[in-house]
Amino acid sequence: MGHMEIVKKCKETFTGNLDMILSFMGFSLGLFIVSLYYLINLNQQDIGLAVLFACLIYYVFRKKFKNEAPISPGKDELKSALNLSFYFVFLISILIYSMHLYYRPLSYFILLCVLAGIIASEILYVKKGDRVAPILLQIFLLSILIRSGIYYNFPSLMGYDAYAHAGIAKLITETGTVPPIEISSKYFYYPLAHIFVSMTQLMGGLDVKDGFFYSIGFANIFITAGIYLIGKKLEGPQMGLLAALLINLNNHNIVTGITNITPGSLVLCYFIIILYAVFSEKPGLVQAGLLLLATILMVLTHQLTTFVVFLAMISILAGKYLHNLLYGSLPTASGSFNYILFFVISLQTYWMFTYVTRDTSFFEMIFKPLVEVLQSGSSYSSDELIVGSATSQSSMEVLILHISYLALPFFAIGGVLTWFSRRDAEKINKFSIALVVAILYGLAYGIPLLGMRNFLTSRWFPLIAVFLVLVSASYMLKLVSLFSSRKAKVSAVFAIMLLFSFVMITTPGINKDNPLVGKDTTVRNQFKNIEIQAVKTLTGMYSGGILMDSPYDSCLFYRDPGYDVNNATYFDTEQIESKEISGDHMILLRRSSLGEPVSINDPERYGVNIIRPLPAEFFNSFDAPEYELVYDNAEVLAYLKKSKEAN
């Protein structure tokens, strides 16, 4: 009995001080990562500093955090002023956006951040039982403004994969059937997102660009109401609303939801539905039906993002069982285990019967490299991946770029520690979500270090963000609770959200037209009408090989229907250096590529592209006797060798 009591006492000490133990471990880890920068030049000191300070701030203030306590509105004029000012600033933002073509000025971005700050300030006034629809509407309006501002700033689509998926959706609309495997490739077996876009096109009489926006783009915004409901269940309406605001501002989710729409974007919507069903705690036929239906739809939509959802569900289940061991909570319903079993069988079965090549199933493609890495270690983890690539950006640019991907994890670390504290850890759902964040983040960073690229962990972050925004919103409210006066609380949350949204919406990944940071390394992959028209005209007149810069080759999506896309290639470093083009090609040159960086392929190194503007001497080398200028629309020039006549 004495032995059992000692074990029980040790367990109580461990669970009671879990947050303290983890904050000390996190602080030490941060210190270790920073010291590696000086020891072996590991270029990840920013991650180290974020972990170190997040743990330190939590440790210092942990006893002063209060639970969610709304500001009592009483006769507060500030609340009414905030509501009015939101719509006033919103209208000014639309006016500024509509006055500029292919360009969004700095004032537009600042006003978007002010809108985010206003919404966050209004959230502080919300108490249990209040109507939240007006604030949710403001979150949706801000999200639509951000996303449509990016999406409709140019007439072309945005992103790289988006064009391939748009091509499949367009064919479904035109023919009424999923294109054969020769055209659809592996998406022949995963056609749901393309069918969804096609249905939207047909019902609304839309083109494929609008079809994407009105189906997956809108779904990604409105489904975030599910995050509000999960947050409300876990901690209350304030946390739910703030989490919904954060996910609509997070740049990973903007990329997934709008700037490079893929089937994975739709998986994110199903994922939030599944989480709501899991955490709604209303077990029954409706919940089980919703879970199973969303899971089947997800398996038929995309492969790798569904696998991440599977990992998340296993982590939640593991968290619940661990909680049962540590805190003696009620054991989880066997339905959870049965659901995981259903998920793994459906996923594995479908992967074994879907083919990437004629003789390789998707299952083999994923797990063969995994087995090889485990057996022999990796030969793929290059120094650049471990040490980090050196760039020549200004320190201000580097700071903003790094904060953009560290801001959410910084608040999330504090949130995870809070949810592991004695007060919160007894709540089984909070404990399991905190554990999911730790597991998925560890895998997302750990897998590339093993040298495995086939898991595409960069695509995981929008899904992980669903958990991050919940813990981050909770922690932000705890930080704001440190202030005693009403004005100080509103000012604090306004400032946090203003700065957070600024670093999120100015990143080059979602701001190609006017990159405020990383201008020299941001390749514009959206195109003006005049650039699209050049490709339409020339592919209608000429059927031979065409050479162009990358990513201008994306404009081949708009080519004449008779032109074979395989006849077009793009410039590589050898051609740029030698200024010689072998064989018969039409050469397309955009005048903008003299001032804007383009992506130049290095044939000597697989997967390596040089980002720089086209050298003027290369550009001018075609103004020579052996080349004939056959097209010039002020933006795009086309040259042919004189020996070759246009077809």
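Along the sequence shown, residues carry numbers from 1.
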*Asks:* For the NZ atom on K209, are there more than 12 heavy atoms of other groups (residues, nucleotides or ligands in this structure) within a distance under 6.0 Å?
*Replies:* yes
*Asks:* Can you confirm if the NZ or CZ of K478 lies within 45° of the ring axis of F411 and under 6.0 Å from the centre of its six-membered ring?
*Replies:*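 No, K478 does not sit over the ring of F411.
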*Asks:* Assign the ring pair H194 / H165 to parallel, tilted or perpendicular, where the plane angle (0 to 90°) is split at 30° and 60°.
*Replies:* parallel
*Asks:* Residues two or more places apart in sequence or in another chain: which of them pass side chain to side chain donor-acceptor pair (under 3.5 Å) with T305?
*Replies:* H302
*Asks:* How far apart are the closest heavy atoms of A312 and F271, and which atoms are they?
*Replies:*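 Minimum heavy-atom contact is CB-CZ, 4.0 Å.
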*Asks:* Think K528 forms a cation-pi with F154, using NZ or CZ under 6.0 Å from the six-ring centre and within 45 degrees of its axis?
*Replies:*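 No, K528 does not sit over the ring of F154.
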*Asks:* Students often mix this up, so state it plainly: with edges at 30° and 60°, are the rings of F86 and F90 parallel, tilted or perpendicular?
*Replies:* parallel
*Asks:* Looking only at heavy atoms, which two atoms of S315 and L435 are closest? And how far apart?
*Replies:* O-CD2, 4.3 Å
*Asks:* Quick one: does Y163's side chain have a donor or acceptor within less than 3.5 Å of a partner on L157's backbone?
*Replies:*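 Flag set: sc Y163 to bb L157 pair under 3.5 Å.
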*Asks:* Taking Q201 for the side chain and L206 for the main chain, is one N or O donor matched with an acceptor at less than 3.5 Å?
*Replies:*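 Yes: the side chain of Q201 pairs with the backbone of L206.
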*Asks:* Does the ring center of Y228 lie less than 6.0 Å from the ring center of Y276?
*Replies:* no
*Asks:* Atom OG of S599 and atom CD1 of I611: how far apart are they, to the nearest 0.5 Å?
*Replies:* 4.0 Å
*Asks:* Between the side chain of T306 and the main-chain N/O of M298, is any donor-acceptor distance below 3.5 Å?
*Replies:* yes
*Asks:* Does N633 use its side chain to pair, donor to acceptor, with the backbone of I530 at less than 3.5 Å?
*Replies:* yes
*Asks:* In Å, rounded to the nearest 0.5 Å, how long is the span from CE of M239 to CG of L234?
*Replies:* 5.0 Å
*Asks:* Ring centres of Y152 and F213 under 6.0 Å apart?
*Replies:* yes
*Asks:* Within the side chain of T507, is there an N or O that forms a donor-acceptor pair under 3.5 Å with the backbone of V503?
*Replies:* no
*Asks:* Only pairs at least two apart or in different chains count here, so list each ring-ring contact (aromatic ring centres under 6.0 Å, His included) that has a residue in residues 498-532.
*Replies:* F527-Y552
*Asks:* Can L246 and M476 be said to form a side chain to side chain contact (heavy atoms under 4.5 Å, CB included), step by step?
*Replies:* CA-CA 11 Å; L246 287 175; M476 279 183 188; 3.8 Å; yes
*Asks:* If we ignore hydrogens and angles and just use 3.5 Å, is the side chain of S472 paired with the main-chain N or O of L408 as donor and acceptor?
*Replies:* yes
*Asks:* If a pair satisfies salt bridge (charged side-chain N to carboxylate O under 4.0 Å, His left out) and one of its residues is in residues 261-275, list it, with sequence neighbours excluded.
*Replies:*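 Qualifying pairs, neighbours excluded: none.
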*Asks:* In terms of side-chain geometry, is the basic nitrogen of K427 or E235 positioned less than 4.0 Å from the acidic oxygen of its partner?
*Replies:* no
*Asks:* Backbone N or O of P551 within a donor-acceptor pair of the N525 side chain at under 3.5 Å?
*Replies:* no
*Asks:* Any side-chain hydrogen bond (donor to acceptor under 3.5 Å, both in side chains) pairs touching residues 216-227, not counting sequence neighbours?
*Replies:* T224-N248
*Asks:* Tell me whether S432 contacts the main-chain N or O of I428 through its side chain, where contact means a donor paired with an acceptor under 3.5 Å.
*Replies:* yes
*Asks:* Regarding Q526 and S156, do their side chains bring together a donor and an acceptor under 3.5 Å, going by distance alone?
*Replies:* no
*Asks:* Which residue pairs pass the salt bridge (charged side-chain N to carboxylate O under 4.0 Å, His left out) test with at least one member in residues 508-518, sequence neighbours excluded?
*Replies:*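 Checked against salt bridge (charged side-chain N to carboxylate O under 4.0 Å, His left out) - neighbours excluded - the pairs reaching residues 508-518 are R104-D513.
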*Asks:* What are the two closest non-hydrogen atoms of L477 and L242, and how far apart are they?
*Replies:* CG-CD2, 3.9 Å
*Asks:* If you apply the rule side chain to side chain contact (heavy atoms under 4.5 Å, CB included), what do you find for Y214 with V197, and how did you get there?
*Replies:* CA-CA 8 Å; Y214 290 119; V197 173; over 6 Å; no
*Asks:* Side chain to side chain contact (heavy atoms under 4.5 Å, CB included) for N83 and Q138? Distances and angles first, verdict last.
*Replies:* CA-CA 9 Å; N83 196 20; Q138 290 181 5; 2.8 Å; yes
*Asks:* Ignoring hydrogens and geometry, is there a side-chain-to-backbone donor-acceptor pair from S474 to L470 under 3.5 Å?
*Replies:* no
*Asks:* Can you measure from CG (L229) to CG (L275) and round to the nearest 0.5 angstrom?
*Replies:*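 CG of L275 is found 12.0 Å from CG of L229.
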*Asks:* Check N260 against A162 and note the closest heavy-atom contact, atom names and distance.
*Replies:*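 Reported closest heavy-atom pair: OD1-N, 3.1 Å.
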*Asks:* Any salt bridge (charged side-chain N to carboxylate O under 4.0 Å, His left out) pairs touching residues 461-473, not counting sequence neighbours?
*Replies:*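 For residues 461-473, and leaving out neighbouring residues, there are no salt bridge (charged side-chain N to carboxylate O under 4.0 Å, His left out) pairs at all.
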*Asks:* Determine, step by step, whether L82 and Y125 satisfy the side chain to side chain contact (heavy atoms under 4.5 Å, CB included) criterion, reporting the C-alpha distance in whole Å, the side-chain angles of both residues, the deciding distance to 0.1 Å, and the verdict.
*Replies:* CA-CA 11 Å; L82 284 168; Y125 287 93; 4.0 Å; yes
*Asks:* If you look at every heavy atom in P508 and T522, which pair is closest and at what distance?
*Replies:* CB-OG1, 3.1 Å
*Asks:* State, with a plain yes or no, whether a side-chain heavy atom of F222 is found less than 4.5 Å away from one of S143.
*Replies:* no
*Asks:* How long is the gap from OG on S107 to OH on Y97, to the nearest 0.5 Å?
*Replies:*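 If we round to the nearest 0.5 Å, S107:OG and Y97:OH are 14.0 Å apart.
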*Asks:* When rounded to the nearest 0.5 angstrom, what distance separates CG in L142 from CG in L115?
*Replies:*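 CG of L115 is found 5.5 Å from CG of L142.
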*Asks:* Tell me the closest heavy-atom pair linking Y108 and L145, and the distance in Å.
*Replies:*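 The pair with the smallest heavy-atom distance is OH-O, 3.3 Å.
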*Asks:* Look up atom CD1 in I96 and atom CG in L91, then write down how far apart they are to the nearest 0.5 Å.
*Replies:* 11.5 Å
*Asks:* Spell out, as yes or no, whether a donor-acceptor pair under 3.5 Å connects the side chain of T418 to the backbone of G414.
*Replies:*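 Yes, T418 side chain to G414 backbone: donor-acceptor pair under 3.5 Å.
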*Asks:* Regarding E531 and R524, does a basic nitrogen lie under 4.0 Å from an acidic carboxylate oxygen?
*Replies:* yes
